[in-house]
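What follows is a single structure, written as structure tokens, with notes after it.
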Protein chains: 2
Amino acid sequence: MKNLTKRQEEILNLIKAHILDLGFPPTRADIARSLGFKSPNAAEQHLRAIEKKGFIKILSGASRGIILNDNENDQIPVIGLVAAGGPILAEENVEKTIPRSNNLLSNDIDYYLRVKGDSMVDIGIFEEDLIGVSKSANTKIGSVIVARINNEVTVKTLIEMSQNKVVLRAENQEYDDIIINPKVEELAIEGSCVALLRESI
Amino acid sequence: MKNLTKRQEEILNLIKAHILDLGFPPTRADIARSLGFKSPNAAEQHLRAIEKKGFIKILSGASRGIILNDNENDQIPVIGLVAAGGPILAEENVEKTIPRSNNLLSNDIDYYLRVKGDSMVDIGIFEEDLIGVSKSANTKIGSVIVARINNEVTVKTLIEMSQNKVVLRAENQEYDDIIINPKVEELAIEGSCVALLRESI
DNA sequence: ATAATTACTGTAATTATATACAGTATATAG
DNA sequence: CTATATACTGTATATAATTACAGTAATTAT
């Protein structure tokens, strides 16, 4: 999918705004009017270019027959089991995706992670729950974080973090604290947990 | 807002399905074709009737200019504290509403209920969580249900249910079972819990 | 009993819309 | 240097679509 030019992006945004506002796409004339074109054909040709680049589909003969092709940025991936090695968001880990427009929770969620195991039950995070993870939300002591230790992904509470000692705690008395020297073991903090979904009770 | 006739509802559903499918409303001819009318005017007149009843707005002169008026049925209420007496869904209990189209979870959710107290922590239902409640989902032994006992609303697990004995259990050892004789005390089962949302961790 | 509503057929006109064709001009890629 | 892409104007036309008008018939409200 090639990149749109500035003008083409402007037109795509106009189409999206029109749909959001009125519930249906604009006509060529609508677009021309909005952008000051003196010919509807200017809009027509832009639409063809945008279609060629894969962002829309034009239905021939149908008035307002512009279909937006789902942009992947507008989808939140749900990550199931994370394969060892490789990034969390690698395609093989994506169980399904959820349109961002349908997300009821914080709009700072980069992905949902399906919980495995019972290490966080004491704070109400159960196996099969979906945790909303933000890569940008700041992780401070006490935050529930997604960490990767020697290529294994885990969800734990961050208890202590200094240059040569990081302590992660399971919220379940049956588990011991995980104490890591990040200079010896490979440790990456992938994000922090900001919300939770349970699809069945 | 008057009720639609069967036929009018059929047409409104057709419009919604068309929008969901293609992203824009159907023409009069589309509607006529779908329902087997031999004249587009049949569709036109139905649309006028549906508009008169307040379900849509027709933009004159615009092709496919049908705007759906937001139906309140398409909003899922979030119920905060339930005032004693009166129905759960009474307006004063509604904290906010969520467009049904944004609901990621089961589409059988009639409302969300904000959890008060810690009586269900052992199965991961915490204070301030939002529980998705279905009025129609069948409640069987073992289901987590929303019950109303003598005008007080509570969330518990249904353990036993016979003509003169109903047992509800808190999922927290510190609480005793609630044993009710429905012939003596007022008991209503409002629905069963089918999903959970936690807005912050 | 009479008017209004529902539920259509059938025809036709006006307007809305897509879309082809012929240009102009500039920028960018091979 | 030449083809291709970008970004338009301007005109024209076929067809898509709304919408008015004239009916028929059954049902429902007053």
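Chain letters run A, B, ... following the sequence lines, proteins first, then strands; residues in each count from 1.
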Give a yes or no on whether a salt bridge exists between B/E10 and B/K6, defined as a side-chain N under 4.0 angstrom from a carboxylate O.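 Judged by the 4.0 Å cut-off on N to carboxylate O distance, B/E10 and B/K6 do not form a salt bridge.
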Any residue meeting ring pair (Phe, Tyr, Trp, His ring centres under 6.0 Å) with A/F24, in chain and number order, not counting sequence neighbours: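 A/F24 satisfies ring pair (Phe, Tyr, Trp, His ring centres under 6.0 Å) with A/H18 only.
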Taking only residues two or more places apart in sequence or in another chain, which ones pass ring pair (Phe, Tyr, Trp, His ring centres under 6.0 Å) with B/F37?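 Per chain and number, B/F37 pairs via ring pair (Phe, Tyr, Trp, His ring centres under 6.0 Å) with B/H46.
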Does any N or O in the side chain of [X] come within less than 3.5 Å of the main-chain N or O of [Y], such that one atom is a donor and the other an acceptor?
X: B/S134; Y: B/D108; value: yes
X: B/R148; Y: B/E190; value: no
X: A/R169; Y: A/T157; value: no

Select one nucleotide: of C/dA7, C/dT9, D/dT6, the one nearest the side-chain heavy atoms of B/A42.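 Of the options given, the side chain of B/A42 lies nearest C/dT9.
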Its contact letters, B for base, S for sugar-phosphate only and - for none at protein heavy atoms under 4.0 Å, make nucleotides 11-21 of chain D read -----SSSBBB
Between the first and last five pairs of the helix from C/dA1-D/dT30 to C/dG30-D/dC1, the angle of the axes, rounded to 10 degrees: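 Helix axis angle between the two ends: 40°.
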Quick check on B/E95: does its CD atom have over 12 non-hydrogen neighbours (other residues, nucleotides or ligands) under 6.0 Å away?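 Yes, the 6.0 Å shell around CD holds more than 12 heavy atoms from other groups.
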Specify the separation, in whole Å, of atom [atom1] of [X] and atom [atom2] of [N].
X: A/F24; N: C/dA16; atom1: CZ; atom2: P; result: 13 Å
X: B/F37; N: D/dA25; atom1: CZ; atom2: P; result: 19 Å
X: A/L47; N: D/dA7; atom1: CG; atom2: P; result: 13 Å
X: A/K53; N: D/dA5; atom1: NZ; atom2: P; result: 10 Å
X: B/E9; N: C/dA7; atom1: CD; atom2: C1'; result: 16 Å
X: A/K6; N: D/dA7; atom1: NZ; atom2: P; result: 11 Å
X: A/N3; N: D/dA5; atom1: CG; atom2: C1'; result: 15 Å

Taking only residues two or more places apart in sequence or in another chain, which ones pass side chain to side chain contact (heavy atoms under 4.5 Å, CB included) with A/I189?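 A/T139, A/I145, A/M161.
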Quick one: which residue pairs count as a salt bridge (Lys or Arg N to Asp or Glu O under 4.0 Å) with a foot in residues 127-136 of chain B, not counting sequence neighbours?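 Sorted pair list: B/R114-B/E128, B/K116-B/E128, B/D129-B/R198.
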Check whether any side-chain N or O of A/K52 sits under 4.0 Å from OP1 or OP2 of D/dA5, and answer yes or no.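 True: A/K52 side-chain N/O within range (under 4.0 Å) of D/dA5 OP1/OP2.
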Kindly say if A/H46 contacts the phosphate of D/dC8, meaning a side-chain N or O under 4.0 Å from OP1 or OP2.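 Indeed, a polar side-chain atom of A/H46 lies that close.
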